[in-house]
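Model, not experiment: these values are computed from the prediction. Note that these values count all heavy atoms, side chains included, but never hydrogens, waters or copies made by symmetry.
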Number of protein chains: 2
Amino acid sequence: MNQISSLEFALIGLLQQRPQSGYDLRKTFATTAMRHYSDSPGSIYPALRRLEARGWIAAQDPTQPADSRRRRVFRLTTAGKEALVARISLPVTREDVIWQGPELMLRFAFMDGNVPRATALRFLEDFERELGSYVEELRGQLEQMRASFPIHTGVLAFQSGIEGMEAQLDWARRARALLGEAGAAPPMQC
Amino acid sequence: MNQISSLEFALIGLLQQRPQSGYDLRKTFATTAMRHYSDSPGSIYPALRRLEARGWIAAQDPTQPADSRRRRVFRLTTAGKEALVARISLPVTREDVIWQGPELMLRFAFMDGNVPRATALRFLEDFERELGSYVEELRGQLEQMRASFPIHTGVLAFQSGIEGMEAQLDWARRARALLGEAGAAPPMQC
DNA sequence: GTGCACATGTAATGTGTTACATGATTAT
DNA sequence: ATAATCATGTAACACATTACATGTGCAC
């Protein structure tokens, strides 16, 4: 499979921000908001080797004297940056909003300094459109459920999902307004 | 591994509602709000065979005359129902709310008619407590981010996650009020 | 000098994904 | 009759998880 996995995407996104070792990346997954990624060595080190084999990342200065520990600090290569930008710039599809992986918001988060502001605005527009239409469909299903069942947990759980999505829709509208009006601010373009 | 997977849990939860064939279950995953589960035959049929091997589900009436198609309709066994109830009744941990899999809300949704109302209330209390403390932690991280970066996409994406969780917290409070006051309604107990 | 955090790695296992294969029934 | 849908299955592959293994440097 030539497809990049969600973990691999997270790794190159973090490496774009600054060169790091596998251990550093594990600690990020273990302690920050990216906790939903496993910090197990069995996933991260193999993923790093896959990325290295593809030429997207490279260990910098194999015989680094400044670092006595046997750390391997990786940096993003030019090809890696291209792959990152390509992944970030993917249009937001209905599948994306349904699966709601950590992946989607990570795509938006990694846009800083990597793509023009227009791409971020496009993301938000797509996101609003796809999520909006999906929520509308779910609301229809909710009405049907409410008709057949009373207030029981199935309906309530369903409602929880819908309300979470509505909060995200609301966020997207505000974020778009913020980014759109920021014509005076320094451009995001790399 | 003796652990039940998220897919297996979804399958026995659906089979508890009514006996169904693998194809029926696939269609549910393909067309309803449970779309985040794959409807690929390569995942569902092997999972059904695993559940059958464990004795949690059974094909009813192998030589059903009423159904000319060669469907295998599965029903939940007593052991299967026990496993379902055990999984549903698990306390909500911090890990659960962080991973936010489809799993957690499914647990709540499948409570109808399977566990006493107290279990549902307990779920909501745990959920509020764990998610509340996690959101608080994330809000601290957000403030740090906001200090170092301007309004850029990383901060915005972070905020989106927090707002989604806050919507769920709000939902949990309302759901708890609804379930708690419903002393007059027919009990959920099986 | 013993324990702990740092740092990387491998092997076994289970499972989801993709793609392909097969055959029955219904509709046209 | 022939296409589409129903219905189940398998094989190859990639990947995550878990558990184990190994070694370094620092603190007490």
Q: May I have the step-by-step check of side-chain contact (heavy atoms from CB on, under 4.5 Å) for Y37(B) and L106(B), ending in yes or no?
A: CA-CA 12 Å; Y37(B) 287 101; L106(B) 219 47; 3.5 Å; yes

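- Contact between the side-chain N/O atoms of S5(A) and the OP1/OP2 oxygens of dC15(D) is not found at any separation under 4.0 Å.
- What separates CZ of F29(B) from C1' of dG16(C) is a distance of 13 Å, to the nearest Å.
- Nucleic acid contact for S38(B): sugar-phosphate only, since backbone atoms but no base atoms lie under 4.0 Å from a heavy atom of the residue.
- In this structure, K27(A) does not pair ionically with D24(A), as no charged nitrogen and carboxylate oxygen lie closer than 4.0 Å.
- Look at CZ on F9(B): it is 15 Å from P on dG16(C), rounded to the nearest Å.
- For the OP1/OP2 pair of dT8(C) and a distance below 4.0 Å, the side-chain nitrogens and oxygens of S21(A) include at least one atom meeting the criterion.
- A salt bridge links E163(B) with R174(A): at least one charged nitrogen is closer than 4.0 Å to a carboxylate oxygen.
- Residue Y23(B) places at least one side-chain N or O closer than 4.0 Å to OP1 or OP2 of dC6(D).
- A centroid separation of less than 6.0 Å is found between the aromatic rings of F9(B) and F110(B).
- One can place OH of Y37(B) at 13 Å from C1' of dG16(C), the figure rounded to the nearest angstrom.
- Straight-line distance from the CZ atom of R54(B) to the C1' atom of dT15(C): 12 Å, rounded to whole Å.
- When each of dC15(D), dC6(C), dA7(D) is scored by its nearest atom to the side-chain atoms of E8(A), the top-ranked nucleotide is dC15(D).
- Look at E137(B) and R94(B) and you find a salt bridge, because one of the NZ, NE, NH1 or NH2 atoms lies within 4.0 Å of a carboxylate O, short of that distance.
- For L51(B) and dG16(C), the CG to P distance is 10 Å, given to the nearest whole Å.
- To the nearest angstrom, P of dA7(C) lies 12 Å from CD of Q20(A).
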Q) Passes side-chain contact (heavy atoms from CB on, under 4.5 Å), F127(B) versus R107(B)? Steps please. A) CA-CA 12 Å; F127(B) 183 73; R107(B) 239 145 83 184; over 6 Å; no

Listed pairs, N/O of protein and of nucleotides 9-11 of chain D, under 3.5 Å:
from	atom 1	to	atom 2	distance (Å)
dT10(D)	OP2	R49(B)	NH1	3.4
dT10(D)	OP2	R49(B)	NH2	3.1

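- By the 4.0 Å N-to-carboxylate-O rule, R146(B) lies close enough to E143(B) to be salt-bridged with it.
- For the pair D39(A) CG and dA7(C) C1', the interatomic distance rounds to 14 Å; values are reported in whole Å.
- Place R26(B) and W99(B) on DNA chain D by their nearest nucleotides, and R26(B) ends up nearer the 5' end.
- Between R50(A) and dC15(D), a side-chain N or O to OP1/OP2 separation shorter than 4.0 Å is present.
- Here dT17(D) presents its C1' atom at 14 Å from CD of E95(B), a figure rounded to the nearest Å.
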